[in-house]
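Below is one structure, written out as structure tokens; comments come after it.
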Amino acid sequence: MIVLNSSDGATFEVEESVAVQSQTIKHMIEDNCADTSIPLPNVNGVTLARVLEYIKKHAEAKDDEEGLKSFDAEFVKVDQASLFEIILAANYLDIKGLLDLTCQTVADQIKDLTVEEVRAIFNIMNDFTPEEEAKLRNDHAWAFE
Amino acid sequence: MAERRRSNGSSNESSSSSSSSPGTAAATVCRIPDDHIFSILLRLPIDSILCFGMTCRRLRSLTYSDALWESICRRDWGSSSVDDLIKAHDPSIPIAWQNLYQQLHQLDSVYCRRLLAAAAPATPPAPDMVPSPRASHSLNFVSGCLLLFGGGCEGGRHRDDTWVAYMGNDLRRILKWQKISSDIPSGRFGHSCVVVGDSLVLFGGINDNAVRKNDTWIGRIVLHETSGMTLSWRLLDVGSVAPPPRGAHAGCCIDKRKMLIYGGIGTSGVRLGDTWVLDLSENLCFGTWVEVVTHPSPPSRSGHTLTHIGGTRTILFGGRGLGYDVLNDLWLFEAYEGCFWRWLQLPIDLQSIPHGLSLPRVGHSATLILGGQLLIYGGEDSCRHRKDDFWLLDVSSYRQPIITLPRAGLLTQMWKRLRAVGDNPMCRSFHQTCADNSGRYLYVFGGMVDGVLQPAELSGLRYRGCCKSVKLVNSSSSSF
């Protein structure tokens, strides 16, 4: 069993065979840096719990394609902020499948949205002047025919 | 989904200070490393990428990154296209990828130029200096050279000569043809010849005794420092299994050492609808033919085109079917790891394409050009009229790494008819074309014009961007 410590002090136990889906953890174990527990200062408890849920499911139901597909679909039904936290964690922990899944989810959310809708969904502040914005729309008109 | 998200986060006002809920997504999207924003963006169509970049200053500068646009060009045009472009470009000037993408997206015309085969255009070249007029020959670009073989000429006689002209990286105005060999392979027309690696693979064809063939030949050009170019043709050992003899079929290279052929006219004049793949050994010493039997499969035809568009996918278009009708259907052939093959018909809605009713074609040419699009030229339509029009078929959406294609009807191709400026390209059918390595130039040779064979002039085509074409040509910073 491997013990993982999140940034906010939460502790999680997970089997080594499951944990090595994270290349980062795998390398730490191989380099013998994982004597008692592995500190993960870049991931908070809530997010780490979710990531572990993902890798546990993908380890135990490895061959059940249909089951994994519906699990993944449910897994990404979280709020914006949490989704980004998972992307950052998947990046830090180097879990390719989770990174692909979350990036694709974000892409699916952005697809077919207008600029205003993208701003709303990500809470992005518009710092263009009206003239700058008009020029941008004009410059990019070619892609919207 | 969006509604639920909005109620979780702070207010909808884009200029809110989000004091009601700390650590909202506004902060998070900016914390994601550029690489991951890129990997999100690379899953999106161009208009969504640009929308994303129009939200705020930081994201705008991110989406203007040349690294991102080079990746987009690779995604939409194929890596080898981009690599060839980089190779042909002056290394001291960085390529403006976003600009290039936009120019190609707005492509609306081709510039045609007749190439001369002699230094003095007034003097007619001697018969052994240039290839004679012909149709249903093969024309390929390999090892920096144009290579022409065989074909049929007046009186239905076949030709058996091989000609080579060194081109290098630029469009040359004057060609120097060199006759390489005669009578090997034996004379024929309606054969297929494709480039596999550095070599040519020739298959089948018809000779002037109407005998259909099914022999396979390998040709290699060797450029010597002193003795110039030599070419060797040798018969390929394929064992006991080979496709039935045929001519007027189509072939293309689908993998490093695999060639696909489909259809054609077999012995006793019957149109075929079978699919075969030739698997070549390393060093091309021998090959194995395998028939691919799948359902559905395109109906039998001849005079169609097969064009590899990158990755595992090949496009088939047009031809003449069993009922002697001219076809306009479009099919996609997918080959995964050489063990999973399938044909998928792509729906065309002729009514929705301007001038679409002239689209059924036989004896046309379809070549992959820069930008991952198919340039379709000439051929005969349903009324037996030879055409001189150029069509661009955007197949970039079929190149995406999607495992399952969406339901039919959701994927629509984009057909666009181009203007031709410059020299008159002429109405022709059963001509041959090939593109150079950069995909910017297309060479056309031969073919038939209303029953009369075209004079043996080689025409070069160069594309130009949008309506600002004059500016492009004069501008020194343009990479076209």
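Every chain is numbered from 1 and lettered A, B, ... according to where its sequence line falls, protein lines coming before strand lines.
Closest approach of A:Ala89 and A:Thr47 over heavy atoms only: CB-CG2, 3.8 Å. Here the closest heavy-atom approach between residue A:Glu117 and residue A:Asp112 is recorded as OE1-O, 4.4 Å.
A side-chain donor-acceptor contact under 3.5 Å links B:Ser79 and B:Arg74.
Options A:Asp127, A:Val118, A:Val115 differ in how many heavy-atom pairs under 4.5 Å they form with chain B, and the most are formed by A:Asp127.
Residue A:Glu116 does not touch chain B at all, counting heavy-atom pairs closer than 4.5 Å. Looking at B:Leu41, neither its backbone nor its side chain comes within 4.5 Å of chain A, counting heavy atoms on both sides. Contact of A:Leu136 with chain B is made through backbone and side chain together, with heavy-atom distances under 4.5 Å.
For A:Glu60, the CD atom counts as densely surrounded, since its 6.0 Å shell holds more than 12 non-hydrogen atoms of other residues, nucleotides or ligands.
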